[in-house]
Amino acid sequence: AVAGTADKAIAYGKRAAAHATDVLAFEDAARLLGTALEVADDAGVEVGVRADLLLMIGSAHWRSGRTEQARAAYRRVLALVGDDDPDRVARAALGIAGGHERAVWVEMGSTNDDAVAALEHALALIPAGDSELRARLMAALARDLHYAEGTAARRVELAGAGARAAELEQILSLRREFLHAVEIVV
């Protein structure tokens with residue numbers, strides 16, 4: 001791309017993909033985002049932008065029922081960011097596991113070892129504590145370990161810790177809203 005036009009081309013591609021997603025044209029969204037990613041790669045755009053495009057491509061593939069292409073996009077995120085970006089690693093791990101778009105009907109009765117490894121790795125990178133992202137990782141891992149033998153105690157531990165983290169994050173969010181409201185009133 002000509003210098004200075006890559007950012008504009010990427011933004012247009014993302015907007016077109018968002019419109020395609022709005023009208024449930026997920027295959028088109030993935031294609032448009034793929035074109036934006038090619039521009040980003042050619043222009044040497046920063047890693048975070050390319051990783052975000054790959055995350056969006058993975059989501060579009062999931063929504064269109066293309067699970068292998070989705071997982072391939074998420075694995076590319078992991079390779080691209082390494083361990084330097086725990087948030088994107090976690091989002092990619094959730095994508096590999098299916099996140100909120102998991103094709104449950106396809107994968108019932110088996111353990112996805114690739115997803116389990118990605119989720120474990122992401123959990124190791126996300127700081128201990130209570131956050132929505134950590135809670136989502138724990139819930140996904142507990143779900144993905146369901147058919148793995150000898151994991152009942154670990155699943156219960158993950159589910160409990162995830163629920164506590166999600167509950168505390170919700171409480172903290174409400175507290176932040178309350179404090180913000182107090183600042184406005186005072």
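Below, all heavy atoms of this structure are taken into account, side chains as well, without hydrogens, waters or symmetry copies.
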Any idea which heavy atoms bring [X] and [Y] closest together, and the distance?
X      : Y      : value
Ala122 : Ala90  : CB-CA, 3.7 Å
Ala97  : Leu119 : CB-CD1, 3.8 Å
Val81  : Ala51  : CG1-CB, 3.8 Å
Trp62  : Thr67  : CZ3-CG2, 3.0 Å

Compare all side-chain heavy atoms of [X] with those of [Y] and state whether any distance is below 4.5 angstrom.
X      : Y      : result
Ile57  : Arg76  : no
Val77  : Val89  : no
Leu123 : Met138 : yes
Ile96  : Leu78  : yes

Does the pair Leu145 and Leu158 meet the rule for a side-chain contact (heavy atoms from CB on, under 4.5 Å), with working shown? CA-CA 10 Å; Leu145 288 173; Leu158 285 165; 4.0 Å; yes
NZ/NE/NH1/NH2 to OD/OE distance under 4.0 Å, Arg154 and Glu149: no
Under 4.0 Å between a side-chain nitrogen and a carboxylate oxygen: does that hold for Arg50 and Asp41? yes
Inter-residue atom distance [X].[atom1] - [Y].[atom2], 0.5 Å rounding:
X      : Y      : atom1 : atom2 : result
Asp144 : His146 : CG    : NE2   : 11.0 Å
Leu32  : Met56  : CG    : CE    : 11.5 Å
Leu37  : Leu54  : CG    : CG    : 5.0 Å
Ile126 : Arg136 : CD1   : CZ    : 11.0 Å
Arg134 : Leu125 : CZ    : CG    : 10.0 Å
Leu94  : Leu137 : CG    : CG    : 4.5 Å

For residues 79-91, pull every pair meeting side chain to side chain donor-acceptor pair (under 3.5 Å), keeping only residues two or more places apart or in separate chains. Asp52-Arg88, Asp83-His121, Asp85-Arg88, Asp87-Arg91
Using residues 22-31 as the side-chain source, report each donor-acceptor pair under 3.5 Å to any protein atom, sequence neighbours left out, with the distance given to one decimal.
none

Donor-acceptor under 3.5 Å (Thr111 side chain, Ala148 main chain): yes
Under 3.5 Å, sequence neighbours excluded: what are the donor-acceptor pairs made by side chains of residues 10-19?
none

